[in-house]
K.L.:
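So that we are looking at the same thing, I have put the structure below in structure tokens.
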Number of protein chains: 2
Amino acid sequence: MKKDVTTEEKIKEAARHVFMAKGFAGCSSREISKAAGMNVALVNYYFRSKSQLFKIIFETAMEDFVTSMMTVFSSDQSIENKMRIFIDREFEFLSKHPELPVFIITEMNREEGCSIDHACFFEKIAASGIFNECAQAQLEGKMRKINILSLTLLIMSNCQYPIMAKNLMQGIHGISHEDYTSNLLLHKQNVTEMLVNYLFPINSKTTNKLK
Amino acid sequence: MKKDVTTEEKIKEAARHVFMAKGFAGCSSREISKAAGMNVALVNYYFRSKSQLFKIIFETAMEDFVTSMMTVFSSDQSIENKMRIFIDREFEFLSKHPELPVFIITEMNREEGCSIDHACFFEKIAASGIFNECAQAQLEGKMRKINILSLTLLIMSNCQYPIMAKNLMQGIHGISHEDYTSNLLLHKQNVTEMLVNYLFPINSKTTNKLK
DNA sequence: AACTATTTTAAACACTTGTTTAAAACACAT
DNA sequence: ATGTGTTTTAAACAAGTGTTTAAAATAGTT
């Protein structure tokens, strides 16, 4: 009999939640199995080991992370508008998956990385032609000439950090979850304005804003 | 007989390294004691438990983190120059303590936070008068009027993220440790220029640059 | 209904965990 | 040298870890 939600996916869903919230070292196989509502042995029946299960979860997380960043760049907008849309999408995506950036950064730093090859994901980014497109725009004088690493950092920093540091910021400014979330929308606008002004200094005032 | 380095401090030093690199859940008491070159029981002889030891390490880390941010603001520079100096110091400090931001953000998210009260550290920041000084500068038209949370986020994002995401960025752009480190200096200049241009739009071109 | 293959479980495995205990090593005053 | 208080160790504790085993429950076929 086919079930509406297969056991295998119940495990993956539970593992995703637990791993994201506590990291690989911060949780046990039993905790995951309990979250999925079943026996421990079943987890190892479907996935050989905790490491193997983690590997799958991490790789799909990476996939989501990278994919969300690249969808914008296939459109035929101007580079400046692509940037605006990108920031908008990134804030939206990360608001739905707030643990993702810390999870990826933390687990990339782990020595025993469950033998995960990160390179393949990064190759996808390079293969998408994003970097070439930016370099081209720089050559044509449409974009400020800073190196691509710095460009990546500017965007990633201002999109990801506000999500990552939520608890820290709430502590510093003594504000509630709701207040922080609404302030994040204002901040997104500030970030967009700052980045566009900096990266497109000439035509930033005349270009049409995002709807 | 007094020793040059007391056992207690040997433990703290080892614990600092191991906790920072692997987090609370990612390491064992025995790993710490081994890194300090001694028996496990000694760790619990000086510090009652793993949690207690962690609490001390975390609190001093927080102390460092907060202190490094506040030293600039006691000087009598202009607000714009303070900002430039702040960014400079923050990059320098974080380059020496690269694991600090991820460590703090991660451990602040932990449910079992070893019963650490974070509030006292944040109170120090507010008590320093930084926020008031910025609000004043905004009233006097010396600084762009954005809310203080957004201001904090802009600065923290652009200073901390480039350090936190080192491995991720190296992967994406396929560059070595050395290349990343040197690129970080260029990036610091870009960040400074972008932030100053955005926060001090009127007088940013005429004000004297940092030596 | 009886057989087969798949899915799920309880129980056990060897090992690591944080913590404690009791004895040993040490420093130092008398 | 003896006694005293401190520092360090080896060994043990119960509880929790990842993983495996063998039996039970279930589904599907004849």
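Computed from heavy atoms alone, side chains included, the values below leave out hydrogens, waters and symmetry copies. To find a chain, count down the sequence lines: A is the first, B the second, and so on, and within it residues start at 1.
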K.L.:
Should A:E92 and A:K96 count as an ion pair when the cut-off is N to O under 4.0 Å?
P.N.:
yes

K.L.:
Could you state the CD-C1' distance from A:E8 to C:dT6, rounded to the nearest angstrom?
P.N.:
14 Å

K.L.:
What pair of heavy atoms forms the shortest contact from A:L153 to B:P162, and how long is it?
P.N.:
CD2-CA, 3.7 Å

K.L.:
Measure the distance from CG on A:L42 to C1' on C:dA10 and round it to the nearest whole Å.
P.N.:
13 Å

K.L.:
In this structure, how many angstroms lie between the P atom of C:dG18 and the CZ atom of B:F19, rounded?
P.N.:
9 Å

K.L.:
Return the polar atom pairs (N/O with N/O) between nucleotides 17-24 of chain D and the protein under 3.5 Å, or none.
P.N.:
{"residue": "D:dG18", "atom": "OP1", "partner": "A:S29", "partner atom": "N", "Å": "3.3"}
{"residue": "D:dG18", "atom": "OP1", "partner": "A:K50", "partner atom": "NZ", "Å": "3.0"}
{"residue": "D:dG18", "atom": "OP2", "partner": "A:S29", "partner atom": "N", "Å": "2.7"}
{"residue": "D:dG18", "atom": "OP2", "partner": "A:S29", "partner atom": "OG", "Å": "3.3"}
{"residue": "D:dG18", "atom": "N7", "partner": "A:R30", "partner atom": "NH1", "Å": "2.8"}
{"residue": "D:dG18", "atom": "O6", "partner": "A:R30", "partner atom": "NH2", "Å": "3.1"}
{"residue": "D:dT19", "atom": "OP2", "partner": "A:K50", "partner atom": "N", "Å": "2.7"}
{"residue": "D:dT19", "atom": "O4", "partner": "A:R30", "partner atom": "NH2", "Å": "3.2"}

K.L.:
Evaluate the side-chain proximity of B:P101 to B:Y161: yes if any heavy-atom separation is below 4.5 Å, no if none is.
P.N.:
no

K.L.:
How close do A:S150 and B:H187 get, heavy atom to heavy atom, and via which atoms?
P.N.:
OG-ND1, 2.6 Å

K.L.:
Rounded off to whole Å, could you give me the CZ-to-P distance for the B:F54 and C:dT19 pair?
P.N.:
14 Å

K.L.:
How long is the line joining NZ of B:K34 and P of D:dT9, in whole Å?
P.N.:
13 Å

K.L.:
With a 4.5 Å limit on heavy-atom distance, are the side chains of B:F47 and B:F54 in contact?
P.N.:
no

K.L.:
What is the distance, rounded to the nearest whole Å, between atom CD1 of A:I32 and atom P of D:dG16?
P.N.:
17 Å

K.L.:
With A:E31, which residues qualify under salt bridge (charged side-chain N to carboxylate O under 4.0 Å, His left out), at least two apart?
P.N.:
A:K22

